[in-house]
2 protein chains.
Amino acid sequence: MEKTETPSVKRMMEDVVGCKWSLSVIDMVQRGVNRPGAMVREEDGLTTKVLNQRLSKLKRYRILERTVYPEVPPRVEYHLTEFGEAFAQIITRINDLQGRYFDESRT
Amino acid sequence: MEKTETPSVKRMMEDVVGCKWSLSVIDMVQRGVNRPGAMVREEDGLTTKVLNQRLSKLKRYRILERTVYPEVPPRVEYHLTEFGEAFAQIITRINDLQGRYFDESRT
DNA sequence: CAGTATCCAGACCGATACTG
DNA sequence: CAGTATCGGTCTGGATACTG
């Protein structure tokens with residue numbers, strides 16, 4: 001049975017965003033890097049253990065969903081849920097913020 | 001001399017949001033609880049040590065600014081910078097998201 | 001290839017006490 | 001009242017090895 005959560009945002013933010021690699025994982029999925037193997041290869045320093053911890057957590061929070069393809073060798077893909085996409089877009093918006101407030105001050 | 005930082009957003013999010021109490025502090029300042037003493041009184045479990053760690057960090061990231069009033073007893077107030085307000089609004093926006101995607105599904 | 005188990009060094013928080 | 005110093009328990013990430 002699936003286990004999901006809908007806690008307070010404050011907790012979710014602390015729990016999800018606070019964890020190292022979470023944002024990188026979301027970012028990768030957003031860019032089409034959907035398979036665990038590819039993620040580990042792409043993000044230097046990320047190990048399978050930590051990656052799976054993040055993927056599990058992101059799934060629990062309904063930010064990502066997991067799809068298993070019954071093939072050999074096994075293939076698994078993670079994708080953003082509708083909520084996940086909205087969430088990711090907001091994170092992206094913070095990037096814009098930075099540009100607006102800081103980068104313009106560098107000559 | 002003031003020390004500030006303008007790192008990548010990803011790092012900032014991990015660093016700021018990941019720290020326990022950061023969001024609570026931002027929230028309090030937003031609600032007009034601007035003095036350290038008041039914050040400690042309001043947020044149960046928050047100690048002066050941790051609070052000052054957060055305040056320093058938020059100041060370094062230019063989310064908060066510190067104002068000292070040369071009085072006796074000493075008075076200090078923290079306020080959101082322009083960037084801080086924008087940042088806080090984004091946090092709020094994630095709150096809305098959650099309501100839109102999950103709460104409506106409960107009956 | 002996907003995911004789990006174990007071990008370990010380092011970071012962090014909370015409690016407490018103290019200085020300006 | 002604002003802020004710092006210290007100590008101890010806990011959590012977590014990184015390295016590694018292993019299972020399905």
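Below, chains carry the letters A, B, ... as their sequence lines are ordered, and counting in each starts from 1. What you are looking at is a predicted structure, and each value in this text was computed from that prediction instead of being measured. Heavy-atom basis, side chains included; hydrogens, waters and symmetry copies ignored.
For the pair Lys57(B)/Ile63(B), no side-chain contact is recorded, criterion being any heavy-atom separation below 4.5 Å from C-beta on. Contact of the Leu51(B) side chain with the Pro36(B) side chain is registered, since non-hydrogen atoms from C-beta on lie closer than 4.5 Å. Side-chain contact check for Val25(A) versus Leu64(A): some heavy-atom pair is nearer than 4.5 Å. By the 4.5 Å heavy-atom criterion applied to side chains, Phe87(B) and Val17(B) are counted as neighbours. The shortest side-chain heavy-atom distance between Thr92(A) and Gln30(A) falls under the 4.5 Å cut-off.
Rounding to the nearest 0.5 angstrom, the gap separating the CD1 atom in Ile26(B) from the CD1 atom in Ile91(B) is 6.0 Å. One finds the CZ atom of Arg54(B) at 9.0 Å from the NZ atom of Lys49(B) (value rounded to the nearest 0.5 Å). Note that CZ of Arg62(A) and CZ of Phe83(A) are 9.5 Å apart. Values are rounded to the nearest 0.5 Å. For the atom pair CE (Met28(A)) and CG (Leu23(A)), the distance works out to 11.0 Å, reported to the nearest 0.5 Å. One finds the OG atom of Ser22(A) at 9.5 Å from the CG atom of Leu55(A) (value rounded to the nearest 0.5 Å).
Comparing Pro73(A) and Thr47(B), the nucleotide of DNA chain C nearest to each residue sits closer to the 5' end for Pro73(A). Across the interface with DNA chain D, nearest-nucleotide mapping of Leu46(A) and Ser56(B) shows Ser56(B) to be the residue nearer the 5′ end.
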All N/O contacts under 3.5 Å from nucleotides 9-13 of chain C to the protein, with atom names and distances to one decimal?
{"from": "dC13(C)", "atom 1": "OP1", "to": "Arg54(B)", "atom 2": "NH2", "distance (Å)": "2.4"}
{"from": "dC13(C)", "atom 1": "OP2", "to": "Arg54(B)", "atom 2": "NH2", "distance (Å)": "2.8"}

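Residue contacts shown for Tyr78(B) are limited to sugar-phosphate atoms, with no base heavy atom under 4.0 Å away.
A salt bridge is absent between Asp96(A) and Arg100(A); no separation between the charged side-chain nitrogens and carboxylate oxygens falls under 4.0 Å.
Look at CG on Asn52(A): it is 14 Å from P on dC1(C), rounded to the nearest Å. Taking atom CD on Glu43(B) and atom P on dG14(C), their separation rounds to 11 Å, with Å as the unit. The distance from atom CG of Leu51(B) to atom P of dT4(D) is 11 Å, rounded to the nearest whole Å.
Below the 3.5 angstrom threshold, one finds a donor paired with an acceptor across the side chain of Thr48(A) and the base of dT4(C).
Listed by residue number, the members of residues 32-41 of chain A with any heavy atom below 4.0 angstrom from DNA chain D form an empty set.
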Checklist entry - Just the dot-bracket of DNA chain C, please: which string comes out with Watson-Crick or G-U pairs under 3.5 Å, [ ] for crossing, | for another strand? => result ||||||||||||||||||||
